[in-house]
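The figures here come from the full heavy-atom set of this structure, side chains too, leaving out hydrogens, waters and symmetry mates. When a ligand or atom number is given, it counts from 1 through the structure's own listing order.
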Amino acid sequence: KTFYYIKNLSETELKLKEKLKLRRVVVVAGDVNKDRYTFNELGKKAGEVILDLIKPDTILGITGGTTMACVVNQMKKKKNIKNLLVLPARGALSEELGIEANTIAANLAEKLNSEYKLLHIPDSLDIDELKALKNNKIIRDVLNDIRKINLLVFGLGNAKDMAFRRKADSTIFKRIEEDNLTAEAFGYYFSQDGIMKMQTNSVGISLENYNQIKDIVAVAAGSSKAEAIYAISKFNNNFILVTDEGAANKILSL
Ligand code: BG6
């Protein structure tokens with residue numbers, strides 16, 4: 001029985017990898033929308049994938065969210081990696097402290113016994129505020145390092161859910177409806193065919209940066225994130241996806 005189960009999972013991984021044309025796909029059993037156990041398994045698996053990619057001179061960027069918090073929680077410790085720097089890939093989302101990119105980056109650095117830098121700015125500012133902050137030496141320094149990220153670990157979500165969490169105003173929701181935006185990742189909103197249609201005034205990694213990063217790991221699961229995962233993979237398929245059966249089966253049926 002176990003054998004067939006594992007066989008089915010690896011078949012799902014293969015089918016999904018082909019459908020999304022991704023570098024690698026890892027699928028854990030279950031659906032995080034239905035049980036907590038699957039969420040922890042997802043975090044554990046993602047943790048292993050990430051640890052394998054960490055080498056000397058890695059500049060690791062990580063985003064916020066409950067998935068990233070779980071990944072770091074479940075990750076095993078690893079020490080003595082030369083010249084490892086951990087950074088938040090973006091500014092704060094003004095959510096709970098525990099799921100802000102800063103907190104997650106600091107916790108990850110503790111697990112890896114590495115250096116880290118934090119980005120002490122809110123994730124949505126107006127253009128003038130942003131300009132002023134970018135002139136600050138400490139902030140400029142972190143933003144420069146963010147451009148050098150060579151291993152990015154990120155979470156993604158439904159456009160509507162994330163707009164709600166970001167306390168977006170009605171014009172944003174209107175655009176999401178009108179343009180049929182389905183996905184959000186690091187402050188950018190995408191249509192189902194992977195075109196970036198809207199961006200928040202958020203600080204941190206840019207899409208130009210993102211397109212040049214060598215190793216990228218996306219961790220997103222649950223049938224509710226199927227469309228979002230699909231859209232993000234249409235934008236750029238140069239990443240390793242760690243997901244669950246709930247999302248995988250739904251994506252395969254799209
Ligand atoms: C946020 C990221 O912190 O987490 C978003 O900035 C992402 O880009 C979101 O969509 C995902 O959150 P969660 O809680 O579903 O893992």
**Ligand-residue contact atoms, ligand 1 with A185, heavy atoms, under 4.0 Å** = 8 (O)
**Request:** Using the ring of Y230 (Phe, Tyr or Trp, six-membered ring only), decide whether K234 places NZ or CZ under 6.0 Å from its centre and within 45 degrees of its axis.
**Result:** yes
**Prompt:** Any salt bridge between E184 and R166, counting N to O under 4.0 Å?
**Reply:** yes
**Prompt:** Can you find an N or O of G64 that's nearer than 3.5 Å to an N or O of ligand 1?
**Reply:** yes
**Message:** Between ligand 1 and E100, can you find any atom pair, the residue atom being a heavy atom, that is separated by under 4.0 Å?
**Reply:** no
Using distance only, find each side-chain donor-acceptor pair of residues 113-122 under 3.5 Å and give its atom names and separation, not counting sequence neighbours.
| residue | atom | partner | partner atom | Å |
| --- | --- | --- | --- | --- |
| K117 | NZ | D141 | OD2 | 3.2 |
| K117 | NZ | D145 | OD2 | 2.5 |

**Request:** Measure up the F186 and Y188 rings against each other and bin them: parallel (under 30°), tilted (30 to 60°), perpendicular (over 60°).
**Result:** perpendicular
**Location of contacts on T66 toward ligand 1, heavy atoms closer than 4.0 Å** = both
**Asked** Any heavy atom of R165 sitting closer than 4.0 Å to ligand 1?
**Response** yes
**Prompt:** Under 3.5 Å between some N or O of ligand 1 and some N or O of G65?
**Reply:** yes
**Message:** Within ligand 1, which atoms have a heavy atom of G157 less than 4.0 Å away?
**Reply:** 10 (O)
**Request:** Give yes if a backbone or side-chain nitrogen or oxygen of R90 is under 3.5 Å from a nitrogen or oxygen of ligand 1, and no if not.
**Result:** no
**Request:** Examine the proximity of ligand 1 to M162 and report which part, side chain or backbone, both or neither, has a heavy atom under 4.0 Å away.
**Result:** side chain
**Asked** What atoms in ligand 1 come closer than 4.0 Å to a heavy atom of G155?
**Response** 7 (C), 8 (O), 10 (O)
Donor-acceptor contacts, no H, no angles, side chain residues 77-89, under 3.5 Å, sequence neighbours left out:
| residue | atom | partner | partner atom | Å |
| --- | --- | --- | --- | --- |
| K78 | NZ | L51 | O | 3.2 |
| N83 | ND2 | D57 | OD1 | 3.0 |

**Test side chain to side chain donor-acceptor pair (under 3.5 Å) applied to T182 and E227, step by step** = CA-CA 7 Å; T182 52; E227 280 87 3; over 6 Å; no
**ligand 1 to F186 polar contact by distance, N or O atoms, under 3.5 Å** = yes
**Message:** Do L152 and Y210 make a side-chain contact, defined as non-hydrogen atoms from C-beta onward lying under 4.5 Å apart?
**Reply:** yes
**Complete:** K225 heavy atoms within 4.0 Å reach ligand 1 at atoms 13 (P), 15 (O), 16 (O)
**Salt-bridge contact D244-K250 (side-chain N to carboxylate O under 4.0 Å)** = no
